[in-house]
2 protein chains.
Amino acid sequence: MAAVARAATTSDAFNAIAEPQRRDILALLRAGEWPVTDLARELGMSQPRASKHLRVLREVGLVRVREAGKQRWYGLDARGLRPVHEWLGGFERFWAGSFDRLDAYVQDLKQEAE
Amino acid sequence: MAAVARAATTSDAFNAIAEPQRRDILALLRAGEWPVTDLARELGMSQPRASKHLRVLREVGLVRVREAGKQRWYGLDARGLRPVHEWLGGFERFWAGSFDRLDAYVQDLKQEAE
DNA sequence: CCATCATATTCCCATAACGGCATGCGTCAA
DNA sequence: TTGACGCATGCCGTTATGGGAATATGATGG
């Protein structure tokens, strides 16, 4: 009860999308809803595996389920990705290298390389 | 050599930013370069801890080091965040709920709730 | 060369993550 | 009711993680 090894993966969208297969699932769901088995086959993973990833995605609110008979159609709920996008937004201005500090820094690197 | 428990955290930016403290570090570095000890104190974490997180960030290319005497100034290299941003870009159109499927889906949910 | 400061690294622990496999559970058809 | 189907869970094993404490490594000043 001492060392918290790491935050639960189910804690937030950041963790949820850290797993490649979950990103694949989300990408696939942009095309519409999918029943678990089909989704699993489409992505080449076992059904339990798909169910587990879908559970994580469901718990962080990135995915919704619609029950229809014995099938469960999973659909995307991309709103959960907004926090990630907003956080990233705080860094966009640094990509272009237009920020003074970064520019100066890059210059430093170049000089050191000579 | 059998079950690969999970991808290494050091594998990519997605994993690197899944950890809240690393996001804090990146956010702090937007203000400029920081020596490890100062950064650690500023964020209220031990020095070894800061070093470890910085190492991960360095390995995925989100951070650069500039050595100056016995200090090491860490600086942001936000370019590594582009892949994340680009991946997210593929979902922006779904946030507004303007996508037919999502709308229809939400309607379904509402009806079921009655 | 030695003491010191700034960092990085190692060792160890507790925990969480993923995967496979087997199984539980609900739904539907016969 | 029974069996098949679709999916969720449970359990187990392996691996990675984050944290703390101690220690190693590097550079600097005397």
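The sequence lines fix the lettering, A, B, ..., with proteins before strands; numbering per chain opens at 1.
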*Can you tell me the distance, in whole Å, between the CE atom of Met45(A) and the P atom of dA8(D)?*
13 Å
*asked:* Between P on dC5(C) and CZ on Arg41(B), what's the gap in Å once rounded to a whole number?
replied: 14 Å
*Using side chain to side chain contact (heavy atoms under 4.5 Å, CB included) as the criterion, point out the one residue from Leu29(B), Leu76(B), Ile25(B), Ile17(B) that pairs with Leu57(B).*
Ile25(B)
*Which atom of Val65(B) lies closest to which atom of Arg58(B), heavy atoms considered*: CG2-CD, 3.6 Å
_Distance criterion of 3.5 Å, no angle test: do you see the side chain of Lys52(A) paired donor-to-acceptor with the base of dG20(C)?_
yes
*Nearest-Å distance, CH2 (Trp34(A)) to P (dG6(D))?*
15 Å
*Just checking Pro48(A): base, sugar-phosphate only, or nothing, at a heavy-atom cut-off of under 4.0 Å?*
base
*asked:* Measuring to OP1 and OP2 of dG18(D), would you say a side-chain N or O of Arg22(B) lies under 4.0 angstrom away?
replied: yes
*Counting side-chain heavy atoms from CB outward, which of dA8(D), dT7(C), dC7(D) is closest to Arg58(A)?*
dA8(D)
*asked:* Using heavy-atom distances to pick each residue's nearest nucleotide on DNA chain C, tell me which of Ala68(A) and Ser46(A) is more 5'.
replied: Ser46(A)
*Roughly how many Å is it from OH in Tyr74(B) to C1' in dA8(C), rounded to a whole number?*
8 Å
*asked:* Between the base of dA6(C) and the side chain of Gln47(B), is there a donor and acceptor pair under 3.5 angstrom?
replied: no
*Checking Arg22(B) side chain against Ala16(B) main chain: does a donor-acceptor pair fall under 3.5 Å?*
yes
*Measure from the side chain of Pro35(A), starting at C-beta and using heavy atoms only, and say which of dG19(C), dT9(D), dC7(D) lies closest.*
dC7(D)
*What is the distance from CG of Asp24(B) to P of dG19(D), rounded to the nearest Å?*
11 Å
*Measure from the side-chain N and O atoms of Arg30(A) to the backbone N and O of Ala27(A), and report whether any donor-acceptor pair falls under 3.5 Å.*
yes
_N/O (side chain, Arg72(A)) to phosphate O (OP1/OP2, dA8(D)) under 4.0 Å_ = yes
*Does a nitrogen or oxygen in the side chain of Arg55(B) sit under 4.0 Å from OP1 or OP2 of dT9(C)?*
yes
*Let me know the distance between CD of Gln71(A) and P of dC28(C), rounded to the nearest Å.*
11 Å
*Which one, dG18(D), dC5(D), dT28(D), comes nearest to the side chain of Gln21(B)?*
dG18(D)
*Please determine, for the side chain of Thr37(A), which listed nucleotide (dC7(D), dG18(D), dA6(C)) has the closest atom?*
dC7(D)
_Interatomic distance, Lys70(B) NZ vs dA27(D) P [rounded to whole Å]_ = 12 Å
*Should Leu26(B) and Val63(B) be marked as a side chain to side chain contact (heavy atoms under 4.5 Å, CB included) after you check the CA-CA gap, both sets of side-chain angles, and the distance that decides it?*
CA-CA 8 Å; Leu26(B) 292 177; Val63(B) 144; 4.0 Å; yes
*asked:* Tell me the interatomic distance from Arg49(A), atom CZ, to dG10(D), atom P, rounded to whole angstroms.
replied: 20 Å
*Would you classify Ser51(B) as touching base, sugar-phosphate or nothing, given that sugar-phosphate means primed atoms plus P, OP1 and OP2, and contacts are heavy atoms under 4.0 Å?*
base
